[in-house]
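Structure first, commentary second.
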Amino acid sequence: MKVNAKCISNGIGYGKLVYRYNDAIPFSKASMSLEESMTLFDSISNKIESNIKDNMDYEFLNAHALIIKDPVLRKKIEDCIKEESCSLIYAFSKVMDEFIDKIKAVDNQYLKERYLDLLDIKRQFIREIDDREYEEIKEASILVIDELLPSDVLNLNENIKGIIAHQGGYTAHSSILCRAMHIPYVILEEIKDCDYALINKDEVYLNPTEEEMRVIHYHDEEIDYTGCDLYANLSSMYNLDKIASSNFKGIGLYRSEFLFMSHGRFLNLDEQTKIYKKILERMYPKTVIMRIFDFGDDKHIPGYQFEKGINSYFKHMDFFKTQIKAMDQANPGNLKIMFPYIKTNEEFLTLKKIVLEETKTNFPIGIMLETKEAIENINDFKDASFFSLGTNDLLKELFDVSRSVIDIEEYIEPLKEKLIPVVEFAKENKKPLCVCGEMASINKAVKDFKEIGIEKFSIN
């Protein structure tokens, strides 16, 4: 039987259905001392942190590393084991569930979605204690799961040939991973009375017949970047050599905040200068656009409070000045910098003035367009050297679209209409305009953006 599904990651895969649903851990008595339990906790935490650092090119995993090493988490687990004489796996599950419930109760859609980070850490930890769930898969299989998380993707058994989830979103981090790793992945709300499945793009054949197996032909959809300048996004040093040795025009977005998140602290002037210099010199003479640190929401470093926007820079002015000085000292001549989450031209000019006072070399200074205010008042920004469109945040700002939304293609046309004045302003004032985010890798979005005159794209 053929059913239609929502394709999240193109591909074809066939196998026996394997179900993974249960995140609940029943109570179990302690089988080791408190000291032994906490030693095991530390060992598993260190292993998870190490696994995360091996995948640092996926920038959102930095938040997971901070969660698993949080001393508050450790203390609560220790107290739970003391009070209830329970096992480590139960204590960890209970404490994480309490955190998850609190976050899901918050009256803020963005923060509500962060419960997935906690659920992901919970699954990773449980998998380290009881790793049987994937070891038992001995034949080609299709994973069926309620909601897919990044660690599920990174820990897939080699025999998993595709994934069916009951809920999920196109811009969710697990979806980004599946596309990067070429894993067929679809959203299908319900599966009944089925042992085998064949995924073919947006079609799922349940218990496929021999005839259905024979007639399947898969053709991946190529994105037509003809006539465009293609740049790469950089989140860590892991992908630097790959990008530098490719045909990219340069780095369209360097997410500098993840440098600090991966270290768990702000780096000093010399440390930052050394890293920025390596990036800039490796890419020279190609352009490198470095985004000034963009903390807030789920991006943070221990011991500091951040909010998105200009106030973060004034509350942490020493860090702001240190970063721009380091970029300036590292600059061989191909540096551009940009400020995130700018709302008004006054905000931009205030930050630009500080940069000019603190630096010696001359480099272009631009804006990442990701707020409703900036889009609606684009004509005010004549002092910006260039613009980058952060489409993921723009969807939320303009249409209140979260990462859990499956079909973001329906927002491409309305976003396109909103961007026409931006494109016209950029062309009229000779300001380079580049699209960043997931929409730079969606065929329909690229096609529509090209129609209104956008010719630069920066992709993961």
Contact summary for A445 and M439, nearest pair of heavy atoms: CB-O, 3.4 Å
With the threshold set at 4.0 Å, does a side-chain nitrogen-carboxylate oxygen contact exist between D448 and K444? yes
Backbone N or O of K286 within a donor-acceptor pair of the N334 side chain at under 3.5 Å? yes
Checking E271 side chain against N268 main chain: does a donor-acceptor pair fall under 3.5 Å? yes
For D328 and I324, indicate whether the former's side chain and the latter's backbone hold a donor-acceptor pair under 3.5 Å. no
Against the six-membered ring of Y170, is R179 placed for a cation-pi contact (under 6.0 Å from the centre, within 45° of the normal)? yes
So, E98 and K76, do they make that salt bridge, N to O below 4.0 Å? no
Is there side-chain contact between P421 and E376, with heavy atoms separated by less than 4.5 Å? no
Is the side chain of S9 donor-acceptor paired with the backbone N or O of P184 at a distance under 3.5 Å, no angle test? no
Beyond-backbone contact of D294 with R255, side-chain heavy atoms, under 4.5 angstrom: no
For M368 and P340, work out which heavy atoms get closest and say how close. CB-CA, 4.1 Å
My understanding is that only one of I126, D101, L73 makes a side-chain contact (heavy atoms from CB on, under 4.5 Å) with M96; could you say which? L73
Shortest non-hydrogen contact from N331 to F363? ND2-CD2, 4.0 Å
To the nearest 0.5 Å, what is the distance between CD on E370 and CG on D393? 5.0 Å
So, for F248 and Y231, is the gap between ring centers shorter than 6.0 Å? no
Does a side-chain N-to-carboxylate-O contact under 4.0 Å join K353 and E357? yes
Name of the residue among L240, N239, I289 meeting side-chain contact (heavy atoms from CB on, under 4.5 Å) with I251: L240
Taking every heavy atom of D224 against every heavy atom of K450, the minimum-distance pair comes out as O-NZ, 3.0 Å
Do the charged groups of E128 and K47 touch, with an N to O distance under 4.0 Å? yes
E451, CD atom: more than 12 neighbouring heavy atoms under 6.0 Å: yes
Residue K277 excluded, over 12 heavy atoms near NZ under 6.0 Å: no
Measure up the Y313 and F320 rings against each other and bin them: parallel (under 30°), tilted (30 to 60°), perpendicular (over 60°). tilted
Parallel, tilted or perpendicular for F425 and F387, by the 30°/60° rule? tilted
Can you tell whether the side chains of K372 and E397 come within less than 4.0 Å, N to carboxylate O? no
Do the numbers put K122 on top of the ring of F92, so that NZ or CZ is under 6.0 Å from the six-membered ring centre and no more than 45° off the axis? no
Please work out which of the three classes, parallel, tilted or perpendicular, describes the rings of F266 and F319, given edges at 30° and 60°. parallel
I'd like to check D152 versus R123 (side-chain heavy atoms, cut-off strictly below 4.5 Å). Are they in contact? yes
Output the distance between atom CG (L389) and atom CG (L419), rounded to the nearest 0.5 Å. 5.5 Å
For Y205 and E203, work out which heavy atoms get closest and say how close. OH-OE1, 3.3 Å
Judged by atom type as modelled, is there a donor-acceptor pair below 3.5 Å linking the side chain of T391 to the main-chain atoms of C436? yes
Is it the case that over 12 heavy atoms from other parts of the model lie below 6.0 angstrom from the CG atom of N362? no
Answer yes or no: does atom NZ of K416 have more than 12 heavy-atom neighbours from other residues, nucleotides or ligands under 6.0 Å? yes
Close side-chain approach of Y254 to L259, heavy-atom, < 4.5 Å: yes
Would you mind telling me which of F314, Y341, F295 makes a ring-ring contact (aromatic ring centres under 6.0 Å, His included) with F306? F295
Specify the closest pair of heavy atoms between L415 and F399, including all atoms of both residues, with the distance to one decimal. N-CZ, 3.8 Å
Counting distance only, does the side-chain N/O of S385 pair as donor-acceptor with the main-chain N or O of G366 below 3.5 Å? no
Does the pair D70 and R74 meet the rule for a salt bridge (Lys or Arg N to Asp or Glu O under 4.0 Å), with working shown? CA-CA 7 Å; D70 186 350; R74 189 184 192 281; over 6 Å; no
Determine whether a donor-acceptor pair (N or O, by modelled atom type, separation under 3.5 Å) exists between the side chain of T350 and the backbone of E346. yes
Checking the side chain of T273 only, and the main-chain atoms of L269 only, is there a donor and an acceptor separated by less than 3.5 Å? yes
With side chains defined as the heavy atoms from C-beta onward, is the minimum distance between I142 and V18 less than 4.5 Å? no
When you measure from the side chain of H166 to the backbone N and O of I145, does any donor-acceptor pair fall under 3.5 Å? no
Can K274 and D270 be counted as an ion pair, charged N to O under 4.0 angstrom? no
Is the backbone of G250 close enough, under 3.5 Å, to the side chain of T287 for a donor and an acceptor to pair up by distance? no
So, are K6 and D202 salt-bridged, with charged N and O less than 4.0 Å apart? no
Rounded at 0.5 Å granularity, tell me how far CD in E147 sits from CD1 in I187. 8.5 Å
Any chance you could lay out the side-chain hydrogen bond (donor to acceptor under 3.5 Å, both in side chains) test for Q323 and S256, step after step, and finish with the verdict? CA-CA 9 Å; Q323 184 174 46; S256 69; 2.9 Å; yes
Is D383 paired with K352 through a side-chain N to carboxylate O contact shorter than 4.0 Å? no
Does F386 have K431 sitting over its ring (NZ/CZ under 6.0 Å from centre, angle to axis within 45°)? no
Value for OG1 (T359) from CD1 (I354), rounded to nearest 0.5 Å, stands at 11.5 Å
Hey, could you give me the CG/CG distance between N233 and L253, rounded to the nearest 0.5 Å? 4.5 Å
Would you compute the distance between atom CG of D146 and atom CD of E189 and round it to the nearest 0.5 angstrom? 11.0 Å
